[in-house]
Amino acid sequence: MLWLYLKIRIKELIRILSGIGIFRSVVLCLIFICGIVCLIKIKSEWIIPIFFVLCLGCYHNFRKDKYFLKLNILNSKLLFMKEYFILGSPLILLELLNGYWLSASAMILFVLLIPFSMKIYFRIHPLRLFFIYKGSLEYIGMLRKYWPLYLLLILFSVLGLLHNNPRIMKVCMIIWGIIQSNAYNCETSVYTILNYKDYKTLQIFMWKRNAWNVATLSIPFAFLAAIGEYNVDNAIFCASCVFASILFMQCTGLMSYVSSNGLFCIFLRIGIFYLVFISSCFIPLFNVIFITFILIYSYMLYHKYKTIWNY
């Protein structure tokens with residue numbers, strides 16, 4: 001039974017590696033070999049056991065076949081012990097060769113006990129974002145996904161100002177303006193339109209939402225520009241970048257309500273909107289292109305859903 005189970009596991013591993021491609025498989029193997037070499041060179045007694053416990057514990061806790069094996073095998077826990085001992089035998093043998101008998105014994109004891117452990121459930125309580133405009137579900141979803149990048153961009157801006165290089169902060173503001181437009185990646189459902197009583201209410205809500213969210217998330221950059229090297233050029237750039245970001249968000253938001261062609265939307269965003277946004281941060285005159293697209297999409301939105309609002 002153990003040999004049959006291992007053959008199934010090996011075939012599954014081969015299928016996964018063939019699915020991700022030869023080049024990626026080779027890279028992963030090289031990374032794995034480098035990791036093993038690093039573990040061999042580590043002389044600490046408890047580094048390898050900690051690594052062993054974390055990897056094996058996560059594997060047992062999140063594996064999906066425990067219930068299936070329990071129903072089809074008389075003693076599934078014994079099968080788990082054998083499998084884990086085979087997987088961990090190189091590390092256990094390495095500890096024995098280094099003369100760390102206590103840590104090797106602890107690893108063997110962990111292999112014997114882990115099949116009897118209960119599954120650990122992790123619950124993450126989402127933090128309420130009070131500073132985001134109420135009802136901005138798309139923007140909240142984007143921020144929960146990309147907040148590490150936002151903090152990283154602020155950190156880079158601080159480092160740039162500490163080294164008297166405000167251009168880094170400008171680049172970070174442009175990157176964040178592009179990232180936050182991902183709030184409107186998907187086409188909006190018609191059921192979302194039904195939440196608004198008329199076309200005017202939808203437009204007012206979108207303008208307020210985008211202006212508030214963009215301005216709020218731009219406050220740290222503006223604060224850094226003010227305390228770093230305050231001059232007229234930096235102030236004008238910050239104002240231009242915020243205004244261009246608002247128009248960019250409004251344009252992509254309207255496009256998500258109107259267009260159903262994913263490839264066409266991707267082409268517009270990457271081929272036109274990104275370039276227009278970057279240019280508008282330095283030359284505000286390019287905002288005319290955004291305003292033109294906003295007017296076009298506003299008319300298309302009105303024409304597409306006017307029957308819902310009984311116009």
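Residue indices begin at 1 and follow the sequence shown.
The neighbour count for Leu162 CG, taken as heavy atoms of other residues, nucleotides or ligands under 6.0 Å away, is above 12. Shown here is Tyr299, whose OH atom has no more than 12 heavy atoms of other residues, nucleotides or ligands within 6.0 Å. Atom CH2 of Trp207 has more than 12 neighbouring heavy atoms from other residues, nucleotides or ligands inside a 6.0 Å radius. Atom NZ of Lys119 has more than 12 heavy atoms from other residues, nucleotides or ligands within 6.0 Å. Under a cut-off of 6.0 angstrom, the local environment of CG in Leu74 is sparse, with at most 12 non-hydrogen atoms contributed by other residues, nucleotides or ligands.
Taken from CG in Leu79 to CG in Leu69, the straight-line distance is 6.0 Å, to the nearest 0.5 Å. Note: Leu155 CG to Leu159 CG = 4.5 Å, rounded to the nearest 0.5 Å. To the nearest 0.5 Å, atom CD1 of residue Ile272 and atom CZ of residue Phe267 are 5.5 Å apart. Distance check, rounded to the nearest 0.5 Å: CE of Met142 to CE of Met249 gives 6.0 Å. Summarising the geometry, atom CG belonging to Leu295 is positioned 7.5 Å from atom CD1 belonging to Ile291; distances are rounded to the nearest 0.5 Å. How far CD1 of Ile132 is from CD1 of Ile140: 6.5 Å, rounded to the nearest 0.5 Å.
The shortest side-chain heavy-atom distance between Lys208 and Phe205 does not fall under the 4.5 Å cut-off. Between Leu87 and Val111 there is no side-chain heavy-atom pair separated by less than 4.5 Å. The shortest distance between side-chain heavy atoms of Tyr199 and Leu301 falls below 4.5 Å. Ile154 has its side chain within reach of Leu224: a pair of non-hydrogen atoms, C-beta onward, lies under 4.5 Å apart. Annotation: side chain of Glu95 is not in contact with side chain of Leu91 (no heavy-atom distance under 4.5 Å). For the pair Ile236/Ser240, a side-chain contact is recorded, criterion being any heavy-atom separation below 4.5 Å from C-beta on. For the pair Phe131 and Leu217, the minimum side-chain heavy-atom distance is below 4.5 Å. Contact of the Val288 side chain with the Thr292 side chain is registered, since non-hydrogen atoms from C-beta on lie closer than 4.5 Å.
Side-chain atoms of Glu138 and Tyr184 form no donor-acceptor pair, as typed in the model, at a separation below 3.5 Å. No side-chain donor from either of Asn213 and Thr216 sits under 3.5 Å from a side-chain acceptor of the other.
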Could you walk me through whether Gln180 and Ser245 pass the side chain to side chain contact (heavy atoms under 4.5 Å, CB included) check? CA-CA 9 Å; Gln180 65 183 344; Ser245 297; 3.6 Å; yes
_I'd like to know whether Phe273 forms a side chain to side chain contact (heavy atoms under 4.5 Å, CB included) with Ile178, so could you lay out the CA-CA distance, the side-chain angles of the two residues, the decisive distance to 0.1 Å, and finally the verdict._
CA-CA 9 Å; Phe273 292 166; Ile178 294 174; over 6 Å; no
(message) Let's go through Ser181 and Tyr274 carefully: what are the C-alpha distance in whole Å and the side-chain angles of both, what is the deciding distance for side chain to side chain contact (heavy atoms under 4.5 Å, CB included) to 0.1 Å, and is it a yes or a no?
(response) CA-CA 10 Å; Ser181 66; Tyr274 286 178; 4.2 Å; yes
Query raised in the report: Between Met107 and Tyr84, is a side chain to side chain contact (heavy atoms under 4.5 Å, CB included) present by the stated rule, with each step listed?
Result: CA-CA 10 Å; Met107 293 165 68; Tyr84 297 156; over 6 Å; no
* Would Lys200 and Asp198 satisfy salt bridge (charged side-chain N to carboxylate O under 4.0 Å, His left out), going step by step from the backbone distance to the final call? -> CA-CA 6 Å; Lys200 180 180 178 181; Asp198 53 24; over 6 Å; no
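Residue pairs that meet the salt bridge (Lys or Arg N to Asp or Glu O under 4.0 Å) test with at least one member in residues 268-286, sequence neighbours left out, do not exist here.
Of the residues listed (Tyr150, Phe156, Phe248), the one engaging Trp176 in a ring-ring contact (aromatic ring centres under 6.0 Å, His included) is Tyr150, and it is the only one.
Ile175 and Leu275 are not part of a single hydrophobic cluster, where members link through side-chain heavy atoms under 4.5 Å apart. Tracing side-chain contacts under 4.5 Å through hydrophobic residues (I, L, V, M, F, W, Y), one reaches Leu151 starting from Val171; they form part of the same cluster. In the hydrophobic clustering of this structure, Tyr59 groups with Ile48; members are Ile, Leu, Val, Met, Phe, Trp, Tyr whose side-chain heavy atoms approach within less than 4.5 Å, directly or through other members. Taking hydrophobic clusters as Ile, Leu, Val, Met, Phe, Trp and Tyr residues chained together by side-chain heavy-atom distances below 4.5 Å, Leu112 shares a cluster with Phe116. Hydrophobic clustering of Ile, Leu, Val, Met, Phe, Trp and Tyr side chains at less than 4.5 Å, counting indirect connections, unites Leu285 with Ile294.
Closest non-hydrogen pair, Leu268 versus Met255, comes out as CD1-SD, 3.9 Å. The nearest pair of heavy atoms linking Cys251 to Phe293 is SG-CB, 3.5 Å. The shortest heavy-atom contact between Leu161 and Ala225 is CD1-N, 4.3 Å. For the pair Leu153 and Cys172, the tightest heavy-atom approach, listed with the atom from each and the gap, is O-SG, 3.4 Å. For the pair Ile86 and Ser89, the tightest heavy-atom approach, listed with the atom from each and the gap, is O-OG, 2.8 Å. In plain terms, the two heavy atoms of Leu254 and Met206 that are nearest each other are N-CE, 3.7 Å.
The six-membered or imidazole ring of Tyr305 lies away from that of Tyr257, with a centre-to-centre distance of 6.0 Å or more.
Counting only distance, with no hydrogens or angles, the side chain of Asn182 and the backbone of Ile179 share a donor-acceptor pair below 3.5 Å. For Tyr133 (side chain) and Tyr139 (main-chain N/O), no donor-acceptor pair under 3.5 Å exists by modelled atom type. Asn287 places no side-chain N or O within 3.5 Å of a backbone atom of Phe290 that could act as its donor or acceptor partner. Within the 3.5 Å criterion, the main-chain N or O of Val276 finds no donor-acceptor partner in the side chain of Ser279. Proximity of a side-chain donor or acceptor of Lys66 to a complementary backbone N or O of Pro115 within less than 3.5 Å is not detected. A donor-acceptor pair is defined here as one N or O able to donate and one able to accept, closer than 3.5 Å; no such pair exists between the side chain of Asn61 and the backbone of Gly57.
Classification of the Phe237-Phe282 ring pair by plane angle, with boundaries at 30° and 60°, yields tilted.
Applying the under-4.5 Å side-chain rule to Ile, Leu, Val, Met, Phe, Trp and Tyr, the cluster around Tyr67 extends to Leu71.
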